[in-house]
Amino acid sequence: MINVERIVERIDQLAECSQTGPGVTRLSFTEESEQADHLLIEWMQQAGMIVKKDAMNNIIGRYEGRNKQAPVLLIGSHSDSVINGGKYDGALGIIAAIEVIQVLHDQVQIPEHPIEVVSFCDEEGARFHTTFLGSKAMAGTLTNNDLDLIDDRGISVREAMRNSGLIPECFQMAKRDPQEILAYLEMHIEQGVILEQLNQPCCAVAGIAGASRYTFTVKGVAGHAGTVSMHNRRDALAGTAEILLIIEELAKQYDPLVATVGKLTVLPGASNVIPESVTGTLDIRAMEQRQIAVYIERLYELMVDICSKRSLSFQLKKIIEADQVSCSDSIIMTIENVLIQNGIEPKRLISGAGHDAMVMAQITNIGMIFVRCAKGISHSPEEFVSKADIEISAQVLLETIWKLANNE
């Protein structure tokens with residue numbers, strides 16, 4: 001029933017909508033994202049969907065149900081990528097969802113509830129250093145302040161929206177009424193190694209870990225690399241190096257909490273100048289928000305102590321906080337019944353990565369299907385999902401959607 005060749009071909013086509021360089025770099029509100037949008041819209045239309053873009057640039061393809069007034073089942077994922085990312089993250093979920101509707105359309109199968117395939121705008125946050133712009137707008141939690149965030153070139157979300165032909169002041173029109181939504185279902189690569197260790201192609205997700213993202217700035221005093229003695233230096237980078245080790249060591253004490261510094265900017269950035277300031281990002285994830293709070297409180301104390309001893313100043317600013325969410329028990333059971341019918345032992349995993357599903361959980365019941373990816377590698381050009389795993393996972397998605405859309 002599932003045409004896996006079509007899915008794989010479309011994943012490859014979508015991957016070509018990328019900036020030049022290794023892997024896939026497709027940031028929101030760019031020429032590359034517009035190219036991808038055109039392809040997704042075309043494929044949705046071929047599958048018999050009525051397609052539109054909402055006020056936050058989310059693409060929505062509607063496949064009508066027998067009861068047009070019934071709450072809609074939303075399925076999908078995100079279309080943006082990280083810098084030099086892989087071609088399956090986000091894309092697999094959208095293209096598999098389109099394939100499911102294509103199968104229903106070709107066989108003239110009409111569900112009781114309408115189904116909408118959603119390609120969310122800016123889940124990764126790689127451009128504006130925030131996440132879930134599209135799903136937040138749909139859930140009604142996006143704010144005017146979010147539109148003032150800027151990218152590395154100083155362009156705000158607001159400006160980027162205008163450059164893409166959107167009206168920033170109308171972003172609230174993307175909000176959906178929870179009463180009009182049946183549920184939200186998302187298929188996504190696992191981005192971990194558990195399914196590979198279990199030798200299983202896919203599984204149900206039990207919940208998504210909470211996440212907090214911060215920026216920090218360490219400031220010292222610039223000086224000549226040859227004239228300032230080691231004892232008289234206020235080197236911001238040396239202080240940051242000590243902080244990085246503390247971030248790592250402290251996180252190990254709060255296992256399974258994980259903490260990551262993924263980006264550092266050193267100024268003035270000259271080989272013969274003592275660094276004056278360092279700005280970095282800090283990403284923290286755990287299944288309990290309280291654990292993150294305890295960790296960051298202790299970490300802040302240690303950071304301040306390090307900077308005090310080195311005569312440095314320090315700032316820590318919270319950018320994002322997302323609570324842990326649980327998937328719907330009834331949707332999990334539906335997925336697991338389909339897994340059993342397809343000869344797959346039902347397993348439940350917790351997602352350490354954030355997904356649009358965790359935002360949609362604020363307005364509806366959610367479910368997720370994880371798909372095995374080679375060696376757990378993601379956010380990398382080496383990201384890979386086998387054709388066999390794509391085929392069986394898309395079949396599980398199809399059967400799950402049919403049951404949910406027909407109240408089975």
Side-chain angles (χ1 to χ4, degrees), residues 14 17 26-45 47-65 68-81 90-91 93-95 97-98 101 113-125 127-128 130-149 156-186 355-364 366:
L14 205 66
C17 303
R26 185 168 56 248
L27 308 185
S28 57
F29 305 112
T30 62
E31 181 180 346
E32 293 78 24
S33 67
E34 283 297 316
Q35 292 171 352
D37 288 353
H38 287 310
L39 285 176
L40 293 172
I41 290 170
E42 179 183 347
W43 297 334
M44 287 179 179
Q45 290 173 336
M49 288 181 262
I50 303 299
V51 188
K52 68 175 182 179
K53 276 192 175 186
D54 69 13
M56 199 60 207
N57 221 39
N58 298 315
I59 303 174
I60 303 170
R62 183 179 177 94
Y63 185 68
E64 198 57 79
K68 296 182 180 181
Q69 305 305 316
V72 63
L73 173 63
L74 300 177
I75 56 174
S77 193
H78 61 95
S79 56
D80 63 317
S81 79
I94 300 172
I95 294 173
I98 294 174
I101 303 303
H113 290 261
I115 302 172
E116 291 182 359
V117 176
V118 182
S119 172
F120 283 113
C121 163
D122 204 328
E123 184 258 14
E124 296 286 4
R127 179 173 180 182
F128 299 103
T130 188
T131 54
F132 310 126
L133 290 180
S135 51
K136 281 182 177 179
M138 188 171 288
T141 59
L142 195 70
T143 69
N144 273 300
N145 290 338
D146 292 319
L147 303 190
D148 293 327
L149 295 170
S156 69
V157 176
R158 197 181 302 275
E159 292 174 273
M161 290 176 68
R162 286 199 186 97
N163 292 340
S164 295
L166 299 172
I167 303 174
E169 293 75 18
C170 295
F171 76 91
Q172 292 177 336
M173 293 178 65
K175 180 180 178 181
R176 300 293 291 268
D177 182 352
Q179 299 299 318
E180 297 177 356
I181 300 175
L182 176 67
Y184 172 74
L185 182 65
E186 180 171 352
H355 301 283
D356 289 304
M358 67 193 306
V359 177
M360 296 303 291
Q362 299 175 64
I363 61 171
T364 191
I366 64 164

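Note that the structure is predicted; figures quoted are calculated from it, not measured. All heavy atoms count here, side chains included; hydrogens, waters and symmetry mates do not.
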[X] versus [Y]: any side-chain heavy-atom pair under 4.5 Å?
X      : Y      : result
Val157 : Met56  : yes
Ile60  : Met138 : yes
Val72  : Glu180 : no
Ser28  : Asn57  : no
Met44  : Glu116 : no
Leu166 : Phe29  : yes
Ile94  : Ser77  : yes
Ile98  : Met49  : yes

Could you tell me which residues satisfy side-chain contact (heavy atoms from CB on, under 4.5 Å) with Thr30, sequence neighbours excluded, listed by chain and number?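 Checked Thr30 against side-chain contact (heavy atoms from CB on, under 4.5 Å); matches are Leu27, Glu32, Ser33, Arg127.
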From [X] atom [atom1] to [Y] atom [atom2], the distance as rounded to the nearest 0.5 Å:
X      : Y      : atom1 : atom2 : result
Tyr63  : Ile75  : OH    : CD1   : 11.5 Å
Gln35  : Leu40  : CD    : CG    : 12.0 Å
Ile41  : Lys53  : CD1   : NZ    : 5.5 Å
Ile115 : Ile101 : CD1   : CD1   : 4.0 Å
Leu74  : Ile363 : CG    : CD1   : 7.5 Å

Is there a donor-acceptor pair closer than 3.5 Å between any side-chain N or O of [X] and the backbone N or O of [Y]?
X      : Y      : result
Glu123 : His78  : no
Asn58  : Cys121 : yes
Tyr184 : Gly76  : yes
Arg158 : Asn144 : yes
His113 : Pro71  : yes
Arg26  : Ser79  : yes

If you count every heavy atom of other residues, nucleotides or ligands that lies below 6.0 Å from Glu31 atom CD, does the total exceed 12?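 No, the 6.0 Å shell around CD holds no more than 12 heavy atoms from other groups.
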How would you list, by chain and number, every residue that makes a side-chain hydrogen bond (donor to acceptor under 3.5 Å, both in side chains) with Ser156, sequence neighbours excluded?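 Result, side-chain hydrogen bond (donor to acceptor under 3.5 Å, both in side chains) vs Ser156: Glu159.
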